[in-house]
*Asks:* 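One structure, as structure tokens, below. Some questions next.
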Amino acid sequence: MASAPERAAGASDDAQRGPAHDVPFYTIGQVATLLDVPQAQLRRLDDLEVVQPERSTGNQRRYTQDEIDRLREVIELTDEGVTLPGIRKVLELRRRVDELEQQLADRDRAED
DNA sequence: ATTCTTACA
DNA sequence: TGTAAGAA
């Protein structure tokens with residue numbers, strides 16, 4: 001396992017930590033290496049609101065494991081030839097499905 | 001040193 | 001889409 005969050009690079013033991021919990025994060029460089037994609041791609045994905053990493057310390061992106069998981073899916077699509085505009089379309093459809101699912105759940109609860 | 005934004009090929 | 005310059 002050569003993929004540990006902001007930590008194992010030989011840096012100090014007390015790297016950046018969350019305010020309350022020990023929620024580890026990855027820098028854009030680590031994510032880029034981990035997913036084997038150029039950093040520019042990750043930034044473009046951010047601009048397209050595919051992921052919304054928190055910003056801190058000089059507007060630097062801090063990716064959580066959750067964001068990386070979403071990134072994996074999207075990058076898998078890009079590797080299959082889906083362009084970024086296509087990704088937007090997929091996300092739009094996904095939002096729609098989520099919305100409809102919620103409406104269904106809502107209705108099922110109401111008809112009891 | 002690493003990342004950020006903006007711009008260009 | 002990938003790379004560069006210059007700032008933080």
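Below, all heavy atoms of this structure are taken into account, side chains as well, without hydrogens, waters or symmetry copies. Numbers restart at 1 for each chain; the letters A, B, ... are given by sequence-line order, proteins then strands.
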*Asks:* Expressed in angstrom and rounded to an integer, what is the separation of A/R43 atom CZ from B/dT3 atom P?
*Replies:* 8 Å
*Asks:* Taking only the side-chain nitrogens and oxygens of A/Q39, find out if one of them lies under 4.0 Å from OP1 or OP2 of B/dT3.
*Replies:* yes
*Asks:* Measure CG/A/D36 against P/C/dG2 and give the value in whole Å, please.
*Replies:* 11 Å
*Asks:* Once you round it to whole Å, what is the distance between C1' of C/dT1 and CG of A/L48?
*Replies:* 13 Å
*Asks:* Separation of A/N59 atom CG from B/dT3 atom P, in whole Å?
*Replies:* 15 Å
*Asks:* Under 4.0 Å between a side-chain nitrogen and a carboxylate oxygen: does that hold for A/D98 and A/R95?
*Replies:* no
*Asks:* B/dA7 C1' sits how many Å from A/D47 CG, rounded?
*Replies:* 14 Å
*Asks:* Once you apply a heavy-atom cut-off of 4.0 Å, does A/R44 come out as touching a base, just sugar-phosphate, or nothing?
*Replies:* base
*Asks:* Atom CD1 of A/I28 and atom P of B/dA1: how far apart are they, to the nearest Å?
*Replies:* 19 Å
*Asks:* A/R61 side chain N/O closer than 4.0 Å to the phosphate oxygens (OP1, OP2) of B/dC4?
*Replies:* yes
*Asks:* Rounded to whole Å, how long is the line connecting atom CG of A/L84 with atom C1' of C/dT1?
*Replies:* 9 Å
*Asks:* Does the distance from a Lys or Arg side-chain N to an Asp or Glu carboxylate O, for A/R55 and A/D46, drop under 4.0 Å?
*Replies:* yes
*Asks:* Mapping A/G58 and A/P85 onto DNA chain C by nearest heavy atom, which one lands closer to the 5' end?
*Replies:* A/P85
*Asks:* Going by distance alone, is a donor N or O of one side chain under 3.5 Å from an acceptor N or O of the other, for A/R43 and A/Q39?
*Replies:* yes
*Asks:* How close or far is atom P of B/dT3 from atom CD of A/E54, stated in whole angstroms?
*Replies:* 18 Å
*Asks:* Give a yes or no on whether a salt bridge exists between A/R94 and A/E73, defined as a side-chain N under 4.0 angstrom from a carboxylate O.
*Replies:* yes
*Asks:* Can you tell me if A/T27 touches the phosphate of B/dT2, counting only side-chain N or O atoms and a distance under 4.0 Å to OP1 or OP2?
*Replies:* no
